[in-house]
Structure formats: structure tokens, C-alpha cells
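In each ligand, atom 1 is the first atom listed, and ligand 1 is the first ligand listed.
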Amino acid sequence: MVAADRLSEINIADPAVYERGVPHVDFRLLRDHDPVHWHPWPDRSSGFWAITRHADIVAISRDTETYSSAAEHVLIVDLDPDELEARRSLIETDPPQHTRLRRLVSSAFTPRKVAEYEQATRNIAAGLLDEIAAAGGGDFVSAVSAPLPINVIVSILGIPAEDAPFMVELSNRLVAGTSGVRLDAAAYGNTTPLSHLPFDSPASHALFEYGRRIGRERRTDPRDDLVTRLVHAEVDGESLSDIEYCNFFQLLVFAGNETTRTAISQGMLALLENPAELDRLEDDPALVSKAVEEILRWASPIMYFRRTAMRDTEIGGVPIRRGEKVVMWYVSGNFDERVFSEPDRFDVSRDPNDHVTFGGSGSHYCLGAWLARLEVRILLEEMIARGIRLELADAPARARSNFVNGLQTLPVRVVSRGSRVPA
Ligand code: HEM
């Protein structure tokens with residue numbers, strides 16, 4: 001029996017904890033002994049309910065009437081109503097506003113539409129892999145994981161390719177806003193209070209400004225891209241307001257970038273640490289689709305999202321009061337022994353693989369799931385086709401964030417296929 005004081009010592013909210021690695025041992029203790037766990041939040045006024053079992057995450061995600069994404073923020077932070085309003089994007093809305101906003105963009109992310117991005121994605125992936133192979137290695141994050149998704153989303157949005165590095169820089173600064181370290185409020189010429197900006201980051205201001213400028217251009221000079229569609233979109237005679245458009249633009253740049261980049265970095269690290277699984281994949285490329293799902297489960301790039309209870313209710317017999325924070329730890333649900341056999345084993349042939357990496361189903365299920373899958377699959381296919389084998393050249397550096405399971409660096413060396421001899 002686990003002592004109550006051991007459970008009460010668990011701290012899964014502190015960003016610094018994640019610099020050392022995801023606290024899987026603590027998550028397992030919670031799943032087994034206190035799956036609906038009241039977690040105090042040091043330095044803040046209120047705590048939250050930590051939901052760690054897969055089944056509870058799915059049930060909460062589906063019940064948008066009881067668990068709101070709009071009443072408060074979807075991160076753990078407490079925000080004033082005006083701060084919340086200024087930062088609101090698709091992800092922080094409930095029906096019917098959510099339904100209206102989602103309809104404005106969903107057609108750009110259907111499996112059929114996403115298939116149209118395949119060739120462009122393949123070209124980008126091939127170019128990046130050729131470069132790192134020619135260099136004999138380097139930092140996989142900055143050489144491959146970061147540029148691949150940002151170049152893809154930039155081309156979908158219609159942003160000039162030369163601005164992609166600026167988007168990477170801004171996206172990095174967004175995640176820094178979840179580190180618990182206060183950022184320079186005046187960066188990028190920002191004058192808005194940080195609490196009114198997504199991720200408390202001045203980079204959001206820069207993204208808003210950039211998005212506004214490109215939006216103005218597309219209003220007068222429409223093209224076949226997503227920004228044009230957003231600024232001209234109408235649903236029920238209504239179009240996006242300026243702040244809705246800005247927050248949406250910012251969300252797409254962040255969501256289309258940081259998340260997939262983390263999946264690629266963590267997936268590569270898993271393959272380097274489990275070379276036998278990479279052998280299996282190379283011997284049988286038909287396993288690639290299953291490997292993609294396993295990478296997504298293993299990486300759990302977004303570790304949690306939060307809801308707010310709209311009425312008194314209960315989860316697994318634990319009473320939850322109206323207004324309380326309910327935090328769904330996807331990174332725990334993805335390792336729940338009740339759903340996954342041997343969850344701590346990285347298995348490229350895992351089937352079934354009902355991970356909650358893109359959310360626990362329901363109306364907020366990740367809009368970009370097919371795009372993220374496409375990018376990870378193509379990268380694996382191109383690596384295998386090129387016979388590129390990597391090995392770790394140094395220890396990777398983890399991000400200081402309780403939200404994104406990020407790697408800041410992943411130093412690799414290129415070795416010839418199947419051999420450990422430097423190429
Ligand atoms: C491996 C990569 C990705 C992961 C792990 C991920 C994760 C998630 C999760 C967990 C949610 C659910 C939020 C909730 O339930 O409140 C979500 C929503 C969303 N994702 Fe992703 N995502 C990824 C890639 C992408 C990409 C490539 C895009 C698009 C460009 C994207 C755009 C969005 C948007 C717009 C939403 C909000 C959907 C809504 O509220 O209706 N994501 N994502």
C-alpha cells in the first residue's frame with residue numbers, strides 16, 4: 001500500500017521536474033492508487049484534479065457540457081476574464097462558438113486534403129535528411145525536427161518560405177512562456193501585458209502582427225492558401241473578428257509546429273535507444289504506419305489539457321465541484337496498463353494502439369492529426385529509403401515545460417546503415 005504522504009508529495013505541475021524527464025513513476029502511482037488526485041499548486045491560489053487514467057480522459061473529453069474548454073483557460077493557469085477573452089482561440093471555445101470556428105478551417109485538414117501536401121512534405125523531408133547526412137550529423141532538432149513541420153505549415157498557410165526560421169524562433173519563445181520563467185515583456189516591440197497574450201509570451205504579439213500583415217495582403221490579393229481562406233471565410237454570414245483571426249493564426253503556427261517537432265524528436269530518440277526496433281522497421285517498411293502511432297503514443301508531445309467543471313459532478317466516485325480545474329494528463333493515459341500491454345516497451349508493431357496523444361476524442365480532437373501523422377510517416381520512409389542510420393552523439397537536452405514534452409537538442413552522428421562505423 002502506498003502511503004498517503006508519498007502521494008501528497010508528488011509534484012507533476014512543476015516545469016523544472018520535466019527537465020529531468022517525464023515523472024512516469026509518479027504517474028503510475030497516481031493511476032494505481034489515486035487516479036482522480038487533488039494536486040495543490042504551489043505559489044498559486046488553487047489546485048487541480050489530476051486525471052491520469054485513459055478511460056477517465058476519454059470520458060471527460062467527450063462530455064463538453066460538464067467539462068468546459070471556454071469557462072476558464074485550457075492550461076492550468078488562472079486568468080482574469082479579460083485576459084481569457086484576449087487569448088481565446090478555437091481550442092478555448094465550447095459549442096456553438098466552437099462548432100462555428102471549427103467549420104471555418106476543418107476542410108483544410110481532412111485526410112483527403114492532407115494527402116495533397118504529401119509531395120511537398122516529402123521534398124522538404126528529403127532535403128533536410130540529405131543535409132544532415134552530408135554533414136555527418138549535428139543537432140537533429142534544429143536540423144530536421146524543427147524545420148520540417150514549420151516548413152509544411154508555412155506552405156499551407158501561404159507564408160513565404162524565407163520567413164520559416166522566424167516562425168521557428170517565435171514558436172520556441174511561445175513554449176518558453178510555459179517554463180515558469182518570466183519573459184522580457186518588451187521583446188518584439190510588445191506593449192500588451194503578457195497576461196493578455198497566449199503563453200504569456202511576447203512572441204504571441206509578434207505572431208499577431210505578422211499574421212495581421214499577411215492577412216491584409218491576402219484580403220486584397222487572394223491566393224490558394226489557408227490565410228486567404230481564413231480572411232475570406234464566412235459561416236452563417238459571419239467572418240472571423242480581428243482577434244479571432246490573430247489567435248487562430250497563432251494557434252496554427254504553434255500547433256502545426258511545436259507538437260509535430262516534438263513527436264519527431266522524441267520518436268527519433270526512441271528509435272536510437274531501441275535499435276532493434278529500428279532494425280525491424282528497416283526490414284519491414286510495412287510497419288511504418290504502426291510505428292508512427294507508437295511514436296505518437298511514446299512521445300505524447302502535448303502532456304495535458306485542462307477543462308473546468310460546469311456543475312458538481314464525480315469522476316470514479318470522487319466528487320468534483322463546479323468551477324474546479326480538471327487536468328487530463330495524456331502523457332499518463334498513454335502509458336495506462338489498463339489499455340496498453342507492456343506500456344513501457346517501445347514497440348513499432350503495437351496494435352491496437354488507442355493513444356490519447358491527439359486528445360481523448362470528442363469535438364476538440366486535434367484538427368491536425370492527419371497532417372502530423374503524414375509528416376512523421378514521410379520522415380521515416382525517407383530515412384529508410386536513404387539507409388540513413390543515426391546514433392546519439394551526446395545526451396539530449398529536455399525542455400523546461402509541464403505542457404510540451406520537448407527536446408531542445410538531440411545531438412546525433414550519422415553511421416552507415418546497420419553498422420556502427422562512422423560514415
Ligand atoms: C504530434 C502532433 C500534434 C499533437 C500531439 C497535437 C495535440 C493536440 C491535442 C491534444 C489537441 C486537443 C485539445 C483539447 O482536447 O482541448 C489538439 C487540438 C488541436 N490541434 Fe493538434 N496536435 C498535433 C499536431 C497538430 C497540427 C499539425 C495542427 C495543424 C496545423 C494542429 C492543430 C490543432 C488545432 C487547431 C486544435 C484545436 C482543435 C479544436 O479545439 O477543435 N495540431 N492537438
### Side chain, backbone, both or neither: Ile153 near ligand 1, heavy atoms under 4.0 Å
side chain
### Task
Would you tell me which option among Gln266, Arg307, Met303 has the nearest heavy-atom contact to atom 15 (O) of ligand 1?
Arg307
### Summary
So CG of Leu7 and NE2 of His39: to nearest 0.5 Å the spacing works out to 11.0 Å
### Summary
Those residues at least two apart in sequence (or on a different chain) that pass salt bridge (Lys or Arg N to Asp or Glu O under 4.0 Å) with Arg112 are none
### Whether Phe254 and Phe403 hold their rings parallel, tilted or perpendicular, with breakpoints at 30° and 60°
parallel
### Part of Val105 with heavy atoms under 4.0 Å of ligand 1, whether side chain, backbone, both or neither
neither
### Message
To check your reading of the model: name the closest protein heavy atom to atom 38 (C) of ligand 1, its residue, and the distance in Å.
### Response
Arg102 NH1, 3.4 Å
### Task
Consider only side-chain N and O atoms of Asn257 and Ser171, and report whether a donor and an acceptor are under 3.5 Å apart.
yes
### Query
Any idea which of Glu375, His355, His364 brings a heavy atom closest to atom 40 (O) of ligand 1?
His364
### Query
Among protein atoms, how many N/O/S atoms lie less than 2.8 Å from atom 21 (Fe) of ligand 1?
1
### Summary
By salt bridge (Lys or Arg N to Asp or Glu O under 4.0 Å), Arg216 pairs with (sequence neighbours left out) none
### Message
Contact between ligand 1 and Ala299 is defined here as a heavy atom of the residue under 4.0 Å from a ligand atom; is it met?
### Response
no
### Task
Decide whether Glu324 and Trp49 meet the rule of one side-chain donor and one side-chain acceptor closer than 3.5 Å.
yes
### Query
With sequence neighbours left out, what residues match Phe27 under ring-ring contact (aromatic ring centres under 6.0 Å, His included)?
Trp329
### Message
Given the ring of Tyr117, does Arg122 sit roughly above its face, with NZ or CZ under 6.0 Å from the centre of the six-membered ring and within 45° of the axis?
### Response
no
### Message
Using a 6.0 Å distance limit plus a 45 degree cone around the ring axis, check whether Arg297 lies over the aromatic ring of Phe340.
### Response
yes
